[in-house]
Amino acid sequence: MGAYLARRVLLAIPTMVIVYTVAFFLVHSTPGGPWDNAEKPLAPQVLANLKASYHLDQPLWKQYVLYLDNAVHGSLGPSYVNTSQDVAEIIREFFPVSMQLGAAAMVFAIALGIPLGALAAVYRNTPVDYVATGIVALGISIPNYVMATLLVTVFAVTLHWVPTGGWRGLLDVRVLIPMIAIGLRPATTLARYLRTSLLEVLHQDYIRTARAKGLAGSRVIIRHGLRNALTPVATVSGILVADVITGSFFVETITRVPGIGRYFVTATTGRDYPVLLALALLFAVIIITMNILVDLSYAALDPQVRYG
Amino acid sequence: MSNRFVRLPWESYLRSGLISRRQFLKVTAALGSVVTVGAGAGTIVRPEPAAAALAAPAKQVLRYPDLEPLHFDPATMEGRPEILVGMALFDPLITFDANGNIVPLAARSWSVSTDGLTYTFHLRPGMRWSDGHPVTAADYAYSWKRVLDPTIASDYASAFYPIKGALDYNKGKVKTSDNVAVKAVDTLTLQAVLDAPAAYFPRLVSTWNYMPVPRWQVEKYGKKWVEAGNHVSNGMFMLQSWEHDKELVIVANPRYWGTKPTLQKVVFTLTDDPFRTSLPAYENNELDVTDQIQPADIMRVRNDPVLSKEMHKYRWSGTAMMFCDTTNTKSPLSNPKVRQALYLATDHPRIANDVLRGIYDSATTITPPGTIGYLATPPLTGGVARARQLLSEAGYPDGKGFPGFKISWGKLVTFDLVAQALQQMWQDSLKITVTLQRMEPKEFNAAFNSYATQPYDAFINRWGSDFEDPANWANILFDSDQDFFHTKWHNAQYDTLIRAGSADQNPAKRKQQYEAAEKILNTELPAIPMYHLGVIVCVKPWVQGFALPPAAGAWYGTFGRVKIMDH
């Protein structure tokens with residue numbers, strides 16, 4: 001187990017170098033620079049001053065080495081746009097918010113998706129199944145920003161039950177709208193996967209054996225059915241977690257959540273190279289971590305899987 | 001949340017007599033609601049909208065939307081979110097009154113030498129920074145030179161170039177700021193010497209980059225001096241707290257030298273899209289003012305019985321135009337007759353009222369109203385009939401043989417709408433074809449910068465004044481040496497007129513020169529005016545005295561004028 005983990009972590013290093021290299025050259029090859037500003041273009045000497053102060057006057061390969069060297073030593077550089085903060089500070093301040101919101105959305109997704117999928121499978125081809133699959137279809141076809149706008153319009157602007165947005169931590173009502181808007185889609189994805197795999201499992205011989213032995217229906221489904229049906233669900237959850245944390249930009253904007261999502265957009269439109277690179281690396285780390293966790297979860301779910 | 005917005009579903013039962021008042025109160029009390037009940041008459045008291053009485057000092061709070069500002073350091077402030085708050089935090093030496101005239105602020109008076117080169121500012125005695133330090137002329141001298149420091153890399157360093165020695169220091173030709181001709185003669189006297197006479201210099205001094213910084217905090221905290229807790233200012237308000245991307249609070253500065261504001265506090269809700277999020281938040285009573293109402297929302301706001309009454313429109317000094325490369329011989333736009341034809345075939349009222357749904361005003365001349373040189377009536381007239389004739393004189397009778405041209409612009413809702421409308425209008429009236437190219441903002445900016453040397457056809461862009469003066473218009477945008485928008489237009493007579501106008505100390509003569517220049521500009525049309533900018537926001541009825549000035553340089557005092565009435 002320990003050796004397996006060590007190997008996976010070591011393998012992540014070349015992946016990160018590739019991500020950095022691709023990101024670096026993509027970022028620097030997009031047209032326009034951080035200080036191209038059509039409304040108030042800069043005087044040439046001001047632009048020269050700016051470039052010099054951020055080493056952008058140096059050849060590209062030097063910048064590549066310079067940033068990598070700094071990053072390895074823990075400095076992610078200054079932000080060109082938010083000049084009073086450096087990149088590490090931006091990530092420290094806003095990433096936890098996205099993490100918390102993502103975690104809340106994921107908990108919501110699991111709490112809604114697992115029962116929904118299980119019910120649909122157990123009561124297959126009954127009205128329960130139709131309602132459940134109906135909710136799934138709805139959740140998959142409505143993009144999260146549309147859902148967020150709908151929830152804001154109904155529950156804040158019309159009913160005045162909750163504020164239209166803001167962030168005061170996980171224990172405040174403000175979390176509800178973004179949590180539901182972000183979590184609904186993964187919930188329905190989980191439900192869909194679980195329904196399919198549970199239906200397959202419920203037709204297995206060992207389920208029939210368990211039933212024949214006279215075990216209670218709920219026990220059969222939970223102990224023997226669900227546990228075996230969760231492997232594909234675990235695989236997809238790993239991707240969903242990464243998705244929920246990274247893909248919440250529009251919802252964060254609509255509900256005024258101070259998360260990292262907006263930095264993706266402001267950094268892209270502002271050509272804020274250090275922020276873009278740091279975010280690319282950060283999300284590579286998240287995705288690699290989630291993949292390792294998913295692989296480890298197989299061992300817990302399926303006794304046939306062993307890591308040596 | 002105020003009581004006004006608590007709606008109880010069972011309230012209608014009470015009104016229709018299905019339940020008694022007693023039952024109603026019981027339900028209400030059981031649910032812990034906060035509805036107040038009138039003592040004598042037994043009716044439910046609904047708070048009156050905008051009662052005449054002033055709210056208590058604790059309630060003198062304005063809730064306002066804003067983008068996350070970058071910082072409040074006058075040296076590098078350049079965007080609206082920073083300037084809006086920054087001008088409440090700092091006092092420049094001079095500012096603008098409601099009519100756009102310059103008036104003393106931190107300087108009680110100033111004088112200019114007869115050669116128009118030396119400006120002497122006399123500061124008010126007894127002014128203090130929010131931490132108690134005295135405000136001195138040395139603070140201003142330090143701050144002005146700091147903007148020019150090449151390592152600060154201020155985008156607005158060029159605003160200081162009229163000062164002698166400024167350019168050399170900013171370019172790095174000389175290493176020290178010793179030769180920059182700004183000095184504190186004594187604690188309360190500041191002197192600046194210019195390279196050439198500039199009648200607009202006092203207006204420049206009224207803008208945000210000329211506001212002072214607290215040297216001791218800057219030196220102690222470096223770039224972190226702008227954070228709440230480290231930030232010290234000399235204006236009517238001071239920074240109390242700043243939770244990035246969430247909320248920023250400024251409060252009245254108890255040490256302020258001038259009249260203390262009625263408003264005690266402004267709470268800025270920070271978001272990266274106030275245009276989209278502020279209207280719902282305003283409707284849910286989380287904000288007292290919205291951000292700019294968007295074209296997509298304007299009809300709903302106009303038709304809403306409540307919102308339509310709370311809507312306010314303010315003039316914003318600026319113009320959106322289609323700029324043309326006047327020297328690109330491959331483009332038909334290098335022929336002034338073609339530009340004139342396009343101008344006359346443009347249905348300006350339709351652009352403003354139909355295409356943009358009245359959020360902006362029609363612009364038939366380039367310089368916006370409020371700025372010297374503005375012409376209410378354009379020199380070119382004759383409409384579509386004259387346009388066809390001009391096109392024919394240019395060699396394209398009835399649009400025949402017209403080679404077409406391309407209009408590009410950086411993605412923006414209003415530009416998208418206008419470009420499509422122009423294409424249609426010119427097709428219908430002149431039978432010519434233009435192609436449209438909409439770009440990502442950064443992509444457009446890169447293209448725009450290349451226009452300085454590369455030929456192009458035309459593009460749409462706008463200019464909003466930093467301060468209302470032709471020095472911020474004609475002299476930057478269309479002086480052939482400056483040629484800010486790369487139209488490459490050259491007219492010796494125009495250059496002579498505006499250069500004389502910029503130095504002239506006689507207001508009447510100045511006006512005459514700029515108006516004559518404006519006539520030339522609007523006849524040759526290196527840029528075809530489209531619409532003048534404006535701002536439409538909703539303001540709650542209990543907010544009194546709120547008005548947005550027409551240029552960012554005049555934002556000082558915007559929050560100081562606001563009063564919150566009982567509600």
Side-chain angles (χ1 to χ4, degrees), chain A residues 30-54 78-79 81-86 89-90 93-94 97 149 152-153 156-160 162-168 252-259 261-263 265-266 268-271, chain B residues 1 5-7 68 70-71 73 76 78 149-158 161 167 170-172 223-227 243-247 269-273 276-277 279-286 410 439-449 452 459 461-464 466 484:
Chain A
T30 41
W35 297 284
D36 279 335
N37 181 346
E39 284 198 8
K40 304 268 152 79
L42 304 183
Q45 53 271 26
V46 177
L47 193 63
N49 290 343
L50 278 167
K51 285 196 168 166
S53 74
Y54 292 111
S79 163
V81 177
N82 298 277
T83 42
S84 66
Q85 288 174 292
D86 59 35
E89 281 175 311
I90 290 175
E93 189 161 355
F94 302 112
V97 176
T149 313
V152 168
T153 310
V157 178
T158 311
L159 293 172
H160 303 293
V162 286
T164 52
W167 181 259
R168 310 238 166 121
E252 284 182 0
T253 299
I254 293 166
T255 58
R256 309 200 306 262
V257 174
R262 86 176 196 99
Y263 282 90
V265 176
T266 53
T268 313
T269 53
R271 300 288 187 271
Chain B
M1 204 185 284
F5 287 88
V6 179
R7 286 177 197 166
E68 162 80 8
L70 298 175
H71 55 69
D73 184 335
T76 44
E78 56 184 280
D149 183 341
T151 60
I152 292 281
S154 171
D155 292 1
Y156 265 91
S158 50
Y161 289 173
L167 188 64
N170 188 242
K171 265 184 176 168
K223 64 179 186 178
K224 288 281 167 204
W225 83 269
V226 296
E227 297 290 340
E243 288 179 83
H244 292 285
D245 268 323
K246 261 162 87 178
E247 196 177 272
T269 297
L270 306 177
T271 138
D272 52 301
D273 194 350
R276 240 190 318 181
T277 59
L279 184 60
Y282 173 89
E283 291 183 82
N284 198 26
N285 195 27
E286 294 162 49
M439 300 188 201
E440 283 301 311
K442 277 283 158 178
E443 194 192 345
F444 173 75
N445 292 346
F448 173 81
N449 289 338
F459 64 89
N461 212 337
R462 60 185 179 189
W463 175 261
D466 292 340
F484 186 93

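In the text below, chain A, chain B and the rest are named by the order of the sequence lines, each starting its count at 1. Since this is a predicted model, take the numbers as computed values, not measurements.
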Nearest atoms (heavy-atom pairs only) where T164(A) meets E286(B):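 The pair with the smallest heavy-atom distance is N-OE2, 2.5 Å.
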
Closest approach of N284(B) to A156(A) (non-hydrogen atoms, all atoms of both residues):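 Taking N284(B) first and A156(A) second, the nearest heavy atoms are OD1-O, 2.9 Å.
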
Residue among [options] with most heavy-atom pairs under 4.5 Å to chain A:
options                   : result
E247(B), E227(B), K224(B) : K224(B)
N170(B), V226(B), D73(B)  : N170(B)
P280(B), S158(B), S154(B) : P280(B)

Residue pair E89(A), H244(B): steps toward the side-chain contact (heavy atoms from CB on, under 4.5 Å) verdict: CA-CA 11 Å; E89(A) 281 175 311; H244(B) 292 285; over 6 Å; no

Using non-hydrogen atoms and a 4.5 Å limit, figure out which bit of [X] sits close to chain A: side chain, backbone, both or neither.
X       : result
Y161(B) : side chain
T76(B)  : neither
L167(B) : side chain
E440(B) : neither

From OG1 (T153(A)) to CD (E283(B)), nearest 0.5 Å: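 Rounded to the nearest 0.5 Å, the OG1-CD separation comes to 8.5 Å.
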
From CD (E243(B)) to CZ (R168(A)), nearest 0.5 Å: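 Taking CD in E243(B) and CZ in R168(A), the distance rounds to 8.5 Å.
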
L270(B): partners by side-chain contact (heavy atoms from CB on, under 4.5 Å), with sequence neighbours left out: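 Only D66(B), E68(B), P69(B), W242(B), L248(B), F268(B) meet the side-chain contact (heavy atoms from CB on, under 4.5 Å) criterion with L270(B).
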
Partner residues of T253(A) under the side-chain contact (heavy atoms from CB on, under 4.5 Å) criterion, sequence neighbours left out: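 Result, side-chain contact (heavy atoms from CB on, under 4.5 Å) vs T253(A): F249(A), D272(B), D273(B), R276(B).
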
Engaged part of Y263(A) at the chain B interface, taking heavy atoms whose separation is under 4.5 Å: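 Just the side chain, heavy atoms under 4.5 Å.
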
